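Quick notes on the structure that follows.
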Amino acid sequence: MGDLHEIVDIVLVGKIFSLLAILTPIIGIVIGSLWGMKRSTLRIGMIRGVVFGMIGPMNWLLWTAFNAISNHTGLDSVKNVVLNMLLFIFTGVILGIGFGRAHRRKEN
């Protein structure tokens, strides 16, 4: 048996998330623009593309916050689990409210 090592390389995952944080808004605006041109609503398509493209930076931000909390409180502590749970619940509630309002405006 060899040396024990982590299943996930934290540095590599951080680099991948950093790259995605840069690329997803660009990809989002391109796809949104193409979708908007097809439907003759370029501005709306670009805005939607940027909004969905912000998933990458948000993912990077949550990854960074998760690691900071875990490094400070310890990965196996109850405090770590509770703080990260609250962070992700708060994020989900804010996103749900935002998308819900956008959907209601779209229907009007």
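Everything quoted here is computed from the prediction, not taken from an experiment.
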Reported CD1-to-CD1 distance for the pair Ile29 and Ile31, which is rounded to 0.5 angstrom = 11.5 Å
key: Members sharing Val78's hydrophobic cluster (side chains within less than 4.5 Å)   = Val82, Leu86
key: Co-membership, hydrophobic cluster, residues Trp63 and Val81, 4.5 Å side-chain   = no
request  = Write down the atom of Gly53, the atom of Thr24, and the distance for their closest heavy-atom approach.
outcome  = O-OG1, 2.8 Å
request  = Please answer: with hydrophobic residues joined when any side-chain heavy atoms are less than 4.5 Å apart, are Met58 and Ile47 in the same cluster?
outcome  = yes
query = Would you say the side chain of Leu19 lies within less than 4.5 Å of the side chain of Lys15, judging by non-hydrogen atoms?
reply = no
request  = First locate atom CH2 of Trp60, then atom CZ of Phe17, and finally report the distance between them rounded to the nearest 0.5 Å.
outcome  = 12.0 Å
key: Results of side-chain contact (heavy atoms from CB on, under 4.5 Å) for Ile55 - residues two or more places apart only   = Phe52
inquiry  = Which heavy atom of Gly74 sits nearest to which heavy atom of Ser77, and what is that distance?
reply    = O-OG, 3.1 Å
inquiry  = Taking the side chain as everything from C-beta on, heavy atoms only, tell me whether Phe99 gets closer than 4.5 Å to Val51.
reply    = yes
query = Should Ile27 and Ile22 be regarded as members of a common hydrophobic cluster, given that ILVMFWY residues are connected when their side-chain heavy atoms come within less than 4.5 Å of each other, either directly or indirectly?
reply = no
message = Quick check: is Leu95 connected to Met54 through a chain of hydrophobic side chains (ILVMFWY, heavy atoms under 4.5 Å apart)?
response = no
query = About how many Å separate CG of Asn84 and OG of Ser70, when rounded to the nearest 0.5 Å?
reply = 5.0 Å
request  = Could you go through the side chain to side chain contact (heavy atoms under 4.5 Å, CB included) check for Asp9 and Val13 one step at a time?
outcome  = CA-CA 6 Å; Asp9 183 5; Val13 172; 5.7 Å; no
task = Kindly compute the distance separating CE (Met46) from CE (Met37), expressed to the nearest 0.5 Å.
result = 9.5 Å
note = CG of Leu75 to CZ of Phe66, rounded to nearest 0.5 Å, is 6.0 Å
query = Regarding Asn80 and Asp76, is there a side-chain donor-to-acceptor distance under 3.5 Å anywhere?
reply = no
note = Taken to the nearest 0.5 Å, the spacing of Ile44 CD1 from Trp35 CH2 works out to 7.0 Å
message = On a heavy-atom basis, which atom in Leu20 and which in Pro25 lie closest, and how many Å separate them?
response = O-CD, 4.2 Å
Any Ile69 side-chain heavy atom under 4.5 Å of Lys79 side chain = no
note = Between Leu12 and the options Ile16, Val8, Ile10, the side-chain contact (heavy atoms from CB on, under 4.5 Å) test singles out Ile16
